[in-house]
Asks: 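Pasting a structure here, questions to come.
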Protein chains: 2
Amino acid sequence: MTGETDRREAAERLALALVAVGMQRMAARALAAFLFSDEESLTAGDLADELEVSAGSVSGAIRTLAQLGLIERSFVAGSRREHFRMRENAWTTVYSRQHSMVDDVLSAAEKGVDAVGPGLARDRLLYMRDFYTFLLNEVPALVERFEQQRAGSQRSRGSGSRRRGGPRP
Amino acid sequence: MTGETDRREAAERLALALVAVGMQRMAARALAAFLFSDEESLTAGDLADELEVSAGSVSGAIRTLAQLGLIERSFVAGSRREHFRMRENAWTTVYSRQHSMVDDVLSAAEKGVDAVGPGLARDRLLYMRDFYTFLLNEVPALVERFEQQRAGSQRSRGSGSRRRGGPRP
DNA sequence: CCCTGTCTTCAGAAATTTCTGAACGTTCGC
DNA sequence: GCGAACGTTCAGAAATTTCTGAAGACAGGG
C-alpha cells in the first residue's frame, strides 16, 4: 500500500505524463486527483485542498474536464456542494477525443490536395490523406474492441493480458 | 491547380492543424513546406525564404524534424548546401512517435497501481493500465496493416479506400 | 431579507514557450 | 590562406499559456 506521500508523488507523475500528451497542466493534475482518490466523488473544495491551488484554477480545470467528457456531476445525498467523479469510459474518451483532432489534420490534407496541381506535392498529400483516412476508420473499431474484450473478461478481475512489447524500433 | 496563394494558405492551415496535435509551431510550418513543395528536396535557405523566418528558426525546426525521423538529409549532385526531404514513412512515424508518449502514461499508471492499496483508486488505475496496455499492443499492428494495404494497392493510384464516417458519437 | 458557503469570471502577474539576430564554426573556390 | 556562402548556437526579446486573487453571482438557512 505504501504511504500518502508516495500516492501524491505517483499522482503528480501521472499528471506530468498527461501533460506531455497534450492535456492542460491543471486539468491533468485534477484528473490525477480523481484517479488516485478512494472517494467515490470529489468537490471543487476537495480538489483545491488536494492540489493546493486557488478555487479559480479548480473551476477552470473542472470545466475543461467536464467538457472533454472525462468527469461528470454526481448528485450526493444531503450536500450542497457539487460533486464530480470520473466517468467510466474516461480513457477511451480521451483517446477518441485526440482523434477528433486527427480529423482536422485530415481535412487540412484534403484541402491541400485541392490546392495543388499534379506533382510531387500532390503525391505526398495523397499519401498523407490516405493514412489519416485509414486511421479515422480504424480507431473507433479498436476502441470498441477493447470495450468488448473488457466486458467479456468481467470475472477474472485484477489481471488481464498484461504484456507490453520491448523497445519500439 | 489553383494559385500560389492558395497553396501557401493550405500549407499554413495544415501547419495549424499539426500544431493542434502537439507539434511545435515552426517545425509544423517547415514540415508543411516540405509537403507542399514540388521539389524533391529543400535547403535551409529555401525554407527560410518560403516561411519568411530567420535562419536560426529554420535550423531549430530542421533539427526537430530530423530528430523525429520525419525528414532526412538528401545528398544532391553538385550542391554545397545541405538538402533535406520528407521521409517516405513520415506519417506512420509521427503516429508511432505519439504512442511512445502513451508508453510514458502507461508507466505512470503502473507506478500508481503500486503506490495505492486496494480500493477505488486502485480499481481506476487498473482500468487505465489495461486500456493503455491494449493500445500499446494494438497500434503497431494497425500501422503495419496500413503499410501492407498500401503496398498491395500500388497499381490503383490516385484513389484508395477514401471514406470517413459521419460525426463521431 | 441578509448572511454564509460555494462556485464562476476575469484582469493582471508569473511562467513557459518560441523566435530572432548576432557571433561563431565550417567548407569550398580561388 | 582569404573571402564568401551556409549553417549552428545561444542570450535575450516577444508572444503565448497558465495561475491567481479579488469581485461578484447564486442558493438556502436563519
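Numbers restart at 1 for each chain; the letters A, B, ... are given by sequence-line order, proteins then strands. None of these values were measured; they are calculated from a predicted model.
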Asks: Ring centres under 6.0 Å, that's the criterion: do B:Tyr132 and A:Trp91 meet it?
Replies: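 Ring centres of A:Trp91 and B:Tyr132 closer than 6.0 Å.
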
Asks: Quickly work out the A:Leu42 CG to C:dC7 P distance and round it to whole Å.
Replies: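 About 12 Å, once rounded to whole Å.
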
Asks: Atom CZ of A:Phe75 to atom P of D:dA27: distance rounded to whole Å?
Replies: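 Going from A:Phe75 (CZ) to D:dA27 (P), I get 14 Å.
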
Asks: Check the pair A:Arg7, A:Glu50 against salt bridge (charged side-chain N to carboxylate O under 4.0 Å, His left out), reporting the backbone distance first and the verdict last.
Replies: CA-CA 12 Å; A:Arg7 197 182 58 77; A:Glu50 176 72 25; 3.6 Å; yes

Asks: What distance separates A:Leu70 CG from A:Leu35 CG, expressed to the nearest 0.5 Å?
Replies: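 Output value for this atom pair is 10.0 Å.
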
Asks: Side chain to side chain contact (heavy atoms under 4.5 Å, CB included) between A:Tyr127 and B:Arg150: does it pass, once the steps are laid out?
Replies: CA-CA 9 Å; A:Tyr127 190 106; B:Arg150 180 106 201 143; 3.3 Å; yes

Asks: Indicate for each nucleotide in nucleotides 11-30 of chain C, in 5' to 3' sequence, whether protein heavy atoms under 4.0 Å reach the base (B), only the sugar-phosphate (S), or nothing (-).
Replies: -------SSBB-----BS--

Asks: Could you state the atom-to-atom distance from CZ of A:Arg81 to P of C:dT8 in whole Å?
Replies: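 In whole Å, C:dT8 P lies 12 Å from A:Arg81 CZ.
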
Asks: Consider side chain to side chain contact (heavy atoms under 4.5 Å, CB included). Of A:Leu65, A:Ile62, A:Val53, which one does A:Met26 pass it with?
Replies: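 Single side chain to side chain contact (heavy atoms under 4.5 Å, CB included) partner of A:Met26 among A:Leu65, A:Ile62, A:Val53: A:Val53.
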
Asks: Checking all strands, does B:Gly45 fall into the base, sugar-phosphate, or nothing category for heavy-atom contacts under 4.0 angstrom?
Replies: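 Sugar-phosphate contact only - B:Gly45 comes under 4.0 Å of backbone atoms but never of a base.
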
Asks: Would you mind reading off the distance between A:Leu47 atom CG and C:dT6 atom P, rounded to a whole angstrom?
Replies: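 Between P of C:dT6 and CG of A:Leu47: 14 Å.
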
Asks: State, without any angle test, whether B:Asp130 and B:Thr133 hold a side-chain donor-acceptor pair at a distance under 3.5 Å.
Replies: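 The criterion, which ignores hydrogens and geometry beyond distance, is not satisfied for B:Thr133 and B:Asp130.
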
